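Sequential numbering from 1 along the given sequence is applied to the chain's residues. Since the model is a prediction, treat every value here as computed from it, not as a measurement.
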Amino acid sequence: MALARLEAVTYAYPGAPDALVDASLELQPGEVVALLGPSGSGKSTLLRALSGLVPHFHGGRFAGRVVVSGLDTRTARPADLAGTVATVFQDPEDQVVMTIVANEVAFGLENLGTPPAEIWPRVERALDAVAARHLWGRKTVELSGGELQRVCLASALALEPQLLLLDEPTSQLDPEAAALFLDAVERLGATVILSEQRVGRALELATRVVFVEDGRILLDAPRQEALDWLASERPAYTNACVGTTQASFVPRNGAGGEGACVGTTQAPLVRLRGVSYAYRSALPVLDGVDVEVRRGEVVVLEGPNGSGKTTLARIAAGLLEPQAGTIERQGRVTYLSQDPGRYLVRETALSEVALGVGGDESRARGALERVGLGWAAAQNPRDLSSGERERLGLAAVSASEPDLLILDEPTRGIDPPRKAELAAWLGRYAAAGHGVLVATHDAGFPAHRRVSLAREELQVAV
C-alpha cells in the first residue's frame with residue numbers, strides 16, 4: 001500500500017502561473033526517490049504539496065488530491081501530518097526557531113509529546129548522524145550556513161518520520177558532512193524524496209528518479225532506466241555525477257589561451273597576509289591566513305563547514321575588518337552573500353539589478369539575460385525559486401562589472417546546466433581582466449587555483 005500519493009495535482013501560487021500541472025505520483029514505504037529538474041521547475045512545490053503546506057500555508061489554486069498515510073491534505077492540515085512527515089527546506093535560516101542548537105533539535109520532539117526520557121538521546125543520535133555533536137551548546141545565530149543546515153537536518157532525523165522530504169539538503173554542506181547525512185538517511189528506513197542539484201550522490205542513493213520540468217513530471221522510473229533517459233535527454237545531469245573531481249580551467253595552446261590565468265604578473269586585486277578573526281575569543285575562525293586573487297584568475301575557496309570561508313570572503317570584500325594581519329585591495333569589489341534572497345529590497349527583478357548600476361535598466365536587463373532571467377524582469381523577486389533568486393543575486397552584483405567579484409556558495413540551488421554556464425561565464429569574466437573568488441563546497445567547480453581552509457593548515461592547490 002502506498003504511503004503517499006498525488007492524484008492529478010495542479011497548483012498555482014496566488015497571482016502566478018501553474019507551478020504543478022497534472023502531477024501524479026505514488027510513494028511506497030522505504031523507497032528513496034531522487035527528485036530532479038531545473039530551478040523553478042516545481043520540485044519545491046511538489047514537496048510542499050506532500051507536507052500539506054500547499055495549499056494550506058501558501059494559498060493559491062489547488063486541484064487534484066494528495067493523500068499521506070491515509071490523510072487527505074485537502075482537509076488534514078500540516079500539523080496533522082507532524083510526526084509522519086518531516087521537511088528540510090532550501091533555506092535553513094528560515095527554519096530555525098530556537099537560540100541554542102540542542103534545543104532546536106529537541107523542539108520538534110517536544111511538540112510531538114515525545115517522552116522526556118527519550119528526547120535527549122534522540123537529539124544526540126541525530127547530531128551524531130550529521131557530525132554536529134560539537135555544536136550542541138552553540139547559539140544558532142553564530143553558526144555558518146553549512147552548520148545551520150546540519151542542525152536542520154538533525155532536527156528532521158530526530159523525528160524518525162515515515163516520510164522525509166528534503167529540499168536541497170546538502171547545498172551548503174562540505175563533502176564529508178554531505179556523505180554522513182546521506183548515509184544516515186539511507187539507514188533511517190523512511191520513504192525519502194531527495195530534491196538535489198548535486199545529483200551524483202542522489203542518484204547513487206536513489207531507487208527511483210522523478211524528473212520535473214515546467215511543472216510537469218516528465219520521468220518517473222527506476223534508477224537504471226532513469227539514468228539511460230537522463231543520458232539521452234538531459235545529459236548535463238549524468239555528467240554532473242563526476243562531482244568529486246578537482247576541475248580546473250585549462251589554457252589552450254599554452255598560457256594566454258581562453259580560460260587561462262592571464263594576469264598573474266600583475267599586482268593582486270586583493271591580498272590578505274596573516275589574517276585572523278574570531279567572533280568570540282574562545283572561537284577563532286581564521287588564524288594567520290594568507291590569500292590573494294589576481295586579475296585573470298578564478299580562485300576557489302574550499303574547506304569544511306565552519307572553517308571560515310564566508311568570514312574570509314567578507315574580509316576580502318571589506319565587509320569585515322581583520323583582527324590581525326593586513327589586507328590590500330585594488331579596484332572595485334562586489335560580494336554575493338550565501339543567501340541573497342534575504343537581502344532583496346525592490347519589487348521587480350529588473351529594479352533590483354538596476355539598483356547597483358545607478359538605475360540603468362539597459363545594463364540591468366543585459367545582466368538578467370546573461371543569467372537566463374530575462375523573462376523575470378517584471379517579476380517580484382520573492383516569487384522566484386531559490387535557484388532563481390541565486391541567479392538574480394549574481395546578476396545584481398555583476399552588472400557593474402567590478403574588478404573583483406566575490407561569490408559565496410553561488411551554485412546553491414542551481415541546476416547542472418546553469419552551473420556549467422556559470423562556470424564558463426566566470427572563466428570568460430576573469431580572462432577579460434577581472435578577478436573572481438568563489439567560496440564553495442562544490443568540488444567539481446572549475447578554477448585556476450583552489451585554496452583549502454583546512455582546520456589544521458592552509459593548503460593551496462594550483
Side-chain angles (χ1 to χ4, degrees), residues 13-17 19 37-45 58 89-94 145 167-168 171-172 195 197 213-215 310 313 317 319 332-402 404-426 428-429 434 436-440 442 445:
Y13 295 97
S39 301
S41 61
K43 301 187 300 299
S44 295
T45 303
H58 294 284
F89 299 105
Q90 276 183 329
D91 301 319
E93 300 87 351
D94 297 333
D167 199 352
E168 302 286 347
S171 62
Q172 298 185 72
S195 174
Q197 298 296 6
E213 193 168 274
D214 295 327
T310 293
L319 299 175
R332 291 185 307 106
V333 182
T334 60
Y335 170 79
L336 179 66
S337 67
Q338 205 169 71
D339 184 11
R342 298 173 70 87
Y343 303 100
L344 299 169
V345 297
R346 294 301 177 97
E347 297 301 315
T348 68
L350 183 64
S351 60
E352 185 71 40
V353 178
L355 186 63
V357 286
D360 188 334
E361 292 193 353
S362 177
R363 292 179 70 184
R365 197 175 298 276
L368 283 172
E369 293 285 355
R370 187 175 62 244
V371 299
L373 289 177
W375 60 270
Q379 296 283 316
N380 189 307
R382 290 163 189 82
D383 291 336
L384 302 178
S385 72
S386 178
E388 289 165 346
R389 289 196 300 271
E390 192 76 34
R391 286 150 54 197
L392 175 62
L394 177 63
V397 298
S398 64
S400 63
E401 298 184 0
L404 177 61
L405 186 59
I406 300 178
L407 309 175
D408 195 352
E409 295 291 354
T411 64
R412 177 182 175 183
I414 294 181
D415 55 73
R418 292 289 183 191
K419 188 187 301 185
E421 291 173 8
L422 170 62
W425 178 76
L426 290 177
R428 294 193 299 271
Y429 188 75
H434 306 92
V436 181
L437 179 63
V438 181
T440 183
D442 193 335
F445 197 80

About how many Å separate [atom2] of [Y] and [atom1] of [X], when rounded to the nearest 0.5 Å?
X	Y	atom1	atom2	value
Lys419	Ile414	NZ	CD1	8.5 Å
Leu344	Arg389	CG	CZ	7.5 Å
Ile406	Leu319	CD1	CG	8.0 Å
Glu361	Thr348	CD	OG1	7.5 Å
Glu390	Leu384	CD	CG	12.0 Å

Residue pair [X] / [Y], side-chain heavy-atom distance below 4.5 Å:
X	Y	answer
Leu392	Val371	no
Ser337	Asp408	no
Arg346	Pro381	no
Pro402	Tyr335	no
Pro410	Leu394	no
Glu409	Asp339	no
Ser39	Arg391	yes
Thr411	Val438	no

Does [X] reach the main-chain N or O of [Y] with its side chain, forming a donor-acceptor pair under 3.5 Å?
X	Y	value
Arg332	Glu401	yes
Arg418	Pro38	no
Glu352	Val345	yes
Asp360	Arg363	yes

Non-hydrogen atoms of [X] and [Y] that approach each other most closely:
X	Y	answer
Ala349	Ala376	CB-O, 3.2 Å
Val436	Leu404	N-CD1, 4.0 Å
Gly145	Pro92	O-CG, 4.3 Å
Arg365	Ala377	NH1-CB, 3.8 Å
Pro416	Gln197	CD-OE1, 3.4 Å
Ser398	Trp425	CB-CH2, 3.7 Å

Would you say the side chains of Asn380 and Glu347 form a donor-acceptor pair under 3.5 Å?
->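 Distance-only check passes for Asn380 and Glu347.
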
Verdict with reasoning, Asp415 to Lys43, per salt bridge (Lys or Arg N to Asp or Glu O under 4.0 Å) = CA-CA 12 Å; Asp415 55 73; Lys43 301 187 300 299; over 6 Å; no

Determine, step by step, whether Leu426 and Leu407 satisfy the side chain to side chain contact (heavy atoms under 4.5 Å, CB included) criterion, reporting the C-alpha distance in whole Å, the side-chain angles of both residues, the deciding distance to 0.1 Å, and the verdict.
-> CA-CA 11 Å; Leu426 290 177; Leu407 309 175; 3.9 Å; yes

Who passes side chain to side chain contact (heavy atoms under 4.5 Å, CB included) against Ser44, sequence neighbours left out?
->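 Side chain to side chain contact (heavy atoms under 4.5 Å, CB included) list for Ser44, sorted by chain: Arg48, Gln90, Asp167.
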
Could you check whether the rings of Tyr13 and His58 sit parallel, tilted or perpendicular, using 30° and 60° as the cut-offs?
-> perpendicular

Mind running side chain to side chain contact (heavy atoms under 4.5 Å, CB included) on Leu405 and Tyr429 for me, showing each step along the way?
-> CA-CA 9 Å; Leu405 186 59; Tyr429 188 75; 4.2 Å; yes

Applying salt bridge (Lys or Arg N to Asp or Glu O under 4.0 Å), run through Glu93 and Arg412 and close with a yes or a no.
-> CA-CA 14 Å; Glu93 300 87 351; Arg412 177 182 175 183; 3.5 Å; yes

